[in-house]
There are 2 protein chains.
Amino acid sequence: MRDERFCASNCPFTRAIGTIGNKWKPIIINVIGTRTVRFGQLDSIIPLISRKVLTEQLKELEEDGLLERLAYKELPPRVEYKLSEKGLAFLPILESIKEWNCKYEVALTPKETDRITYAQ
Amino acid sequence: MRDERFCASNCPFTRAIGTIGNKWKPIIINVIGTRTVRFGQLDSIIPLISRKVLTEQLKELEEDGLLERLAYKELPPRVEYKLSEKGLAFLPILESIKEWNCKYEVALTPKETDRITYAQ
DNA sequence: ATTTGTAGTTACCTCGCAGTAACCAGAATA
DNA sequence: TATTCTGGTTACTGCGAGGTAACTACAAAT
């Protein structure tokens with residue numbers, strides 16, 4: 001999922017793309033935003049992602065220091081995710097991507113059915 | 001390569017991730033920058049990418065209006081790629097990703113060998 | 001006559017991403 | 001007693017992304 005050849009590059013930009021350059025991570029970071037979110041919430045807010053892949057993505061994001069995982073020793077288990085300082089600093093970039101897209105996107109005619117929104 | 005479920009979303013952010021949210025497109029956009037670059041140049045500047053995938057990515061970027069393809073009717077053929085207004089407007093976002101990464105990345109110890117740089 | 005150079009395209013094959021389903025702990029509730 | 005609730009993990013599986021190699025056109029150079 002994470003491309004090790006990218007992460008091993010000596011180019012900062014290439015390394016950055018190696019860590020956040022896939023489709024799920026920007027979505028997950030955007031969904032968490034400034035909140036504290038539980039695993040089950042993420043799983044239900046992002047319907048297209050499977051539990052397994054969500055787990056993997058969250059683990060990588062934690063390893064890369066973008067988010068913090070708070071596991072409470074309860075039963076049934078409770079785990080909360082929130083963005084770290086690094087993750088929060090990435091939010092403005094996602095905002096500029098939104099603005100960029102709204103400004104330049106060619107008009108589409110999405111079906112009224114199967115609408116999916118991850119924005120808050 | 002492009003995730004159609006993402007592109008069909010009614011959420012602008014999700015659609016944006018659907019078009020530029022993979023590892024190669026940000027790299028290609030960054031390499032082209034403000035220049036006009038030939039196909040062969042891209043192929044040699046980005047060694048890890050295969051010709052086939054490079055062709056596919058360039059075609060999608062053109063379809064999404066991020067770059068312009070100028071094919072000269074010569075033999076041997078000559079094709080030049082340059083960013084459109086939309087593509088150029090994306091460059092500042094890539095710059096902020098670079099800054100973000102340099103500021104927050106955890107220190108790595110990349111091998112002195114196999115160094116790869118796409119930055120200009 | 002043969003090689004070179006460019007920008008692809010095509011067929012073929014493989015590896016691995018990702019989906020699905022089953023399973024887990026153990027307290028609380030019915 | 002059995003079910004529920006949560007946040008995973010594991011095994012199995014299939015599809016498709018992506019790599020490789022061969023091939024194209026045609027002019028110019030050797």
Side-chain angles (χ1 to χ4, degrees), chain A residues 1-7 14 17-28 31-32 35-64 67-82 114 116, chain B residues 1-7 14 17-28 31-32 35-64 67-82 114 116:
Chain A
M1 177 57 86
R2 222 171 356 185
D3 192 312
E4 296 306 330
R5 298 170 307 176
F6 276 50
C7 295
T14 303
I17 297 302
T19 58
I20 49 86
N22 73 27
K23 63 185 179 190
W24 287 123
K25 285 173 184 170
I27 297 289
I28 292 171
V31 165
I32 298 179
R35 298 179 291 174
T36 293
V37 187
R38 295 181 59 173
F39 180 84
Q41 287 182 281
L42 291 173
D43 191 36
S44 59
I45 295 175
I46 314 177
L48 291 178
I49 202 171
S50 73
R51 243 169 152 52
K52 186 183 123 190
V53 173
L54 178 57
T55 304
E56 290 168 357
Q57 299 294 307
L58 288 170
K59 192 174 293 179
E60 289 183 3
L61 285 171
E62 191 195 356
E63 286 172 1
D64 291 331
L67 57 78
E68 292 160 15
R69 182 178 182 276
L70 310 165
Y72 297 85
K73 295 201 177 302
E74 303 173 353
L75 273 163
R78 182 161 60 102
V79 179
E80 293 181 343
Y81 293 92
K82 58 183 285 223
D114 64 36
I116 298 165
Chain B
M1 178 59 81
R2 220 171 355 187
D3 192 311
E4 296 306 329
R5 298 170 307 175
F6 276 49
C7 295
T14 303
I17 296 303
T19 58
I20 48 87
N22 74 26
K23 64 184 179 190
W24 287 123
K25 286 174 184 169
I27 297 287
I28 293 171
V31 165
I32 298 180
R35 297 179 292 174
T36 293
V37 187
R38 295 181 60 173
F39 180 83
Q41 287 181 281
L42 290 172
D43 191 35
S44 59
I45 294 174
I46 314 177
L48 291 178
I49 202 171
S50 73
R51 242 167 154 55
K52 185 183 130 191
V53 173
L54 178 57
T55 304
E56 290 168 357
Q57 299 293 306
L58 288 169
K59 193 174 293 179
E60 289 182 5
L61 285 171
E62 191 194 357
E63 286 171 2
D64 291 330
L67 57 79
E68 291 159 17
R69 181 178 183 277
L70 311 165
Y72 297 85
K73 295 201 178 304
E74 302 172 355
L75 272 164
R78 181 161 60 103
V79 180
E80 292 181 343
Y81 293 92
K82 57 184 285 224
D114 63 39
I116 299 164

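Naming convention: chains lettered A, B, ... in sequence-line order (proteins, then strands); numbering from 1 in each chain. For clarity, every value in this text was computed on a predicted model and none was experimentally measured.
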If the condition is salt bridge (charged side-chain N to carboxylate O under 4.0 Å, His left out), which residues does E62(A) pass it with, not counting sequence neighbours?
none

Residues which pass salt bridge (charged side-chain N to carboxylate O under 4.0 Å, His left out) with E63(B), listed by chain and number, not counting sequence neighbours:
R2(B)

Tabulate protein N/O versus nucleotide N/O from nucleotides 13-18 of chain C, keeping only pairs under 3.5 Å, one per line.
from: dA18(C); atom 1: N7; to: K52(A); atom 2: NZ; distance (Å): 2.9

Rounded to 10 degrees, the angle between the two terminal axes of the helix from dA1(C)-dT30(D) to dA30(C)-dT1(D), each from five pairs
20°

Residue set satisfying side chain to side chain donor-acceptor pair (under 3.5 Å) with D3(A), at least two apart, ordered chain then number -> R5(A), K23(B)

According to salt bridge (charged side-chain N to carboxylate O under 4.0 Å, His left out), who are the partners of E4(B), at least two apart in sequence or on a separate chain?
none

Could you check whether the side chain of R51(B) and the base of dA7(C) have a donor-acceptor pair of N or O atoms closer than 3.5 Å, going by distance alone?
yes

For Y81(B), report the nucleic acid contact type (base, sugar-phosphate, nothing); a contact means any heavy atom under 4.0 Å.
sugar-phosphate

Does T36(B) have any side-chain contact (heavy atoms from CB on, under 4.5 Å) partners at least two apart in sequence or in another chain, and if so, which?
E80(B), K82(B)

Under a 4.0 Å heavy-atom cutoff, the residues of residues 36-43 of chain B touching DNA chain C are R38(B), F39(B), G40(B)

Residues two or more places apart in sequence or in another chain: which of them pass side-chain contact (heavy atoms from CB on, under 4.5 Å) with V37(B)?
I32(B), R35(B), Q41(B), L42(B)

If only atom types and distance count, is the side chain of N22(A) paired as donor or acceptor with the main-chain N or O of K25(A) below 3.5 Å?
yes

What does nucleotides 24-30 of chain D look like as a protein-contact string, B for base, S for sugar-phosphate only, - for none, at under 4.0 angstrom between heavy atoms?
--BS---

Interatomic distance, L48(B) CG vs dT20(D) P [rounded to whole Å]:
11 Å

